[in-house]
Amino acid sequence: MTTSPFVVRFDEARQRAFEIARAVAAQGFSVVLVRDVSGRFSLVVDDTGEDGTDRLRDAWTAELTERLGRYRSDQPVLLTSEMFSADAVLNSPRTVSDPAGSSDGGSVRFLDNTVVGEDWAKVSTPEFAPGRPRPYRIALYGFKGGVGRTTAMSMLARRLSDRGHSVLVVDLDLESPGAGPLLVGKELPQYGLVDQLVEAAVGNAEDLEIVTRSSYTPKVRVGELWVAPARGQGAEGVPYSYVDKLNRIYAETPAASFADRLEQALCACEDAVERYSDSGRHPDVVLLDSRAGIHDVAAVTISRLSDLALLFGANNDQTWEGYGDLFTAWQVSGQAPRIEEKLRMVASMVPDSVHYPMEKYLEAFRERAFECFSVLYGEVAPDETSRRNDDSAPHWAIPILFEPGLVGMDAGNAPGWQDRAFVQAAYGEFLATISEMVRLALAARGDQEGP
């Protein structure tokens, strides 16, 4: 079956719409290109102090109609001189700059309206109120599940607490919670993160018991390990309606977006550690166990809540196609330089055998990672080896070895499993590398010199 050459599809529409917006900007106008939830485009043109824009509008409308087909909105060109609240669009904090740069004449900004996933394009550094302790937040994320992310998180949490840090683990994998049981077993607090989100939506979240101290004893006295599970154990004699709560947490409220609410819930968990700790200590490091896939929780966690995002994956097409989609979204939204600073690849379940040595696998993994990250890096000459071989670059994957002894392990009934030699060997380089990154980050902030 062939498609008519006159049919414009979703991917083509964006490129064509930007070309039209840039042509309008080249005539000296400031333009906001708006895409609605169906993918249709409109131009909002700032015509302040200009004459004859009605005639120009007819020409712009005709071009949008001809080039965009069904992806032209019902109001394809809006002039600010005829709008009631033009400033709300022109100065919207949700707009992003044209990734291609500014025009010789005016400027182009992009406002994308979506139902979900909008936070992938809102990259920022975590913000804290003046005087509020500033923990170092690390997100652990995998595009696909089953890559050992949560087990790696539990190992890292123990290692950092062994080094004297106060560590908080927050289980953000709300649809498939696992960090809580892995670190505290059945001794969950009465409530979890999902309760904080639900109760806060109705102004009822004060003094919830949402964190608990792990039974793990760090190797140095000052170390602490706390856990904020996704779900709690509920009140005695009262059914714990986890699914009913989960069905309500993503709703926007009049006071805050979902992203704002998730950030507030995370801050509540951090403050609860300080409240319950015998030392009154706020966490130094927060580990965020993110949900897999292209999901709003992952979007907020990586783009907004974390200082460092560890991207887990195996060397297969699913991994690279998935991360390629994310990197493309950051690139076209103009966020590539900001997000690149946060990312570091982790090669999980790396084989190491006579027939397939670890070094050979990692070489292949890092090569494909470099190709994938090149979307964020920009144009890279084929003979340029400095970035390709930079062992501190985001694509230079940190390995975790595949260990058959961990397959199907019931950690709750295997006390001391993390101290076994084969486990330490599998996670050795990962733990050493991330621990050193944390030490340097905290020292650079001046928060502490690090143990």
Side-chain angles (χ1 to χ4, degrees), residues 10-11 13-15 17-19 21-22 25 31-37 39 41 89-103 107-127 137-143 172 257-260 262-263 266 288 290-313 319-345 369-380 387 392-395:
F10 185 92
D11 292 333
R14 184 186 190 281
Q15 180 178 345
F18 264 102
E19 290 172 355
R22 290 164 190 153
V31 179
V32 177
L33 178 63
V34 182
R35 180 162 62 176
D36 68 17
V37 294
F41 289 91
V89 176
L90 293 177
N91 300 316
S92 171
R94 294 176 52 244
T95 61
V96 295
S97 298
D98 180 359
S102 58
S103 166
S107 63
V108 177
R109 294 184 65 78
F110 182 44
L111 178 59
D112 201 8
N113 295 293
T114 63
V115 177
V116 296
E118 192 171 277
D119 289 289
W120 286 110
K122 295 181 178 179
V123 180
S124 63
T125 301
E127 296 183 1
R137 294 176 179 167
I138 303 175
L140 292 90
Y141 170 80
F143 179 78
L172 294 176
S257 66
F258 170 69
D260 290 335
L262 191 61
E263 183 171 28
L266 174 56
L288 307 173
S290 175
R291 183 182 176 183
I294 301 177
H295 188 275
D296 277 17
V297 168
V300 178
T301 303
I302 295 174
S303 296
R304 177 168 168 174
L305 300 183
S306 64
D307 297 288
L308 170 67
L310 303 176
L311 308 182
F312 285 67
T319 293
W320 303 123
E321 288 172 4
Y323 282 124
D325 286 339
L326 288 183
F327 295 172
T328 298
W330 281 318
Q331 192 274 332
V332 299
S333 65
Q335 300 301 304
R338 302 183 72 182
I339 195 64
E340 180 193 331
E341 298 175 355
K342 290 190 175 195
L343 305 180
R344 187 65 187 266
M345 202 77 212
F370 179 77
E371 294 172 1
C372 192
F373 270 88
S374 294
V375 174
L376 299 182
Y377 295 161
E379 293 296 327
V380 180
R387 191 68 185 271
S392 64
H395 73 273

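Position 1 is the first residue of the sequence, and the numbers go up from there.
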Stepwise side chain to side chain contact (heavy atoms under 4.5 Å, CB included) check, Tyr323 with Leu311: CA-CA 9 Å; Tyr323 282 124; Leu311 308 182; 3.6 Å; yes
For Arg291, side-chain hydrogen bond (donor to acceptor under 3.5 Å, both in side chains) partners two or more places apart: Glu175, His295
All salt bridge (Lys or Arg N to Asp or Glu O under 4.0 Å) counterparts of Arg14, not counting sequence neighbours: none
Residue pair Ser303 / Trp330: nearest heavy atoms and the distance that separates them: OG-NE1, 3.8 Å
Side chain to side chain contact (heavy atoms under 4.5 Å, CB included) between Arg137 and Leu305, worked out: CA-CA 7 Å; Arg137 294 176 179 167; Leu305 300 183; 4.2 Å; yes
Identified side chain to side chain contact (heavy atoms under 4.5 Å, CB included) partner of Tyr141 from the options Thr301, Leu310, Leu326: Leu326
Heavy-atom closest contact (Pro394 atom, Phe373 atom, distance): CB-CE2, 3.5 Å
From CA spacing to verdict: side chain to side chain contact (heavy atoms under 4.5 Å, CB included), Thr319, Phe312: CA-CA 9 Å; Thr319 293; Phe312 285 67; over 6 Å; no
Atom of Leu288, atom of Leu172 and distance for their closest heavy-atom approach: CB-CD1, 3.9 Å
Straight-line distance of Leu33 CG to Arg22 CZ, nearest 0.5 Å: 9.0 Å
Pairwise distance CZ(Phe18) to CZ(Phe110) - rounded to 0.5 angstrom: 5.0 Å
From Phe41 atom CZ to Leu111 atom CG, the distance as rounded to the nearest 0.5 Å: 11.0 Å
Least distance between heavy atoms, His395 atom then Arg387 atom: CE1-O, 3.0 Å
Ser290: side-chain hydrogen bond (donor to acceptor under 3.5 Å, both in side chains) partners, not counting sequence neighbours: none
For the student: nearest non-hydrogen atoms of Ala21 and Val108, plus distance: O-CG2, 3.6 Å
Nearest-0.5 Å distance, OG1 of residue Thr95 to CG of residue Asp112: 11.5 Å
Gln335 CD to Ser124 OG distance, which is reported to the nearest 0.5 Å: 9.0 Å
Close side-chain approach of Val300 to Glu263, heavy-atom, < 4.5 Å: no
Smallest separation among heavy atoms of Gln331 and Val375, with atom names: CG-O, 3.3 Å
Spacing of Lys342 atom NZ and Thr125 atom OG1 [to the nearest 0.5 Å]: 5.5 Å
Worked check of side chain to side chain contact (heavy atoms under 4.5 Å, CB included) between Ile302 and Ile339: CA-CA 9 Å; Ile302 295 174; Ile339 195 64; 4.1 Å; yes
Beyond-backbone contact of Asp307 with Pro126, side-chain heavy atoms, under 4.5 angstrom: yes
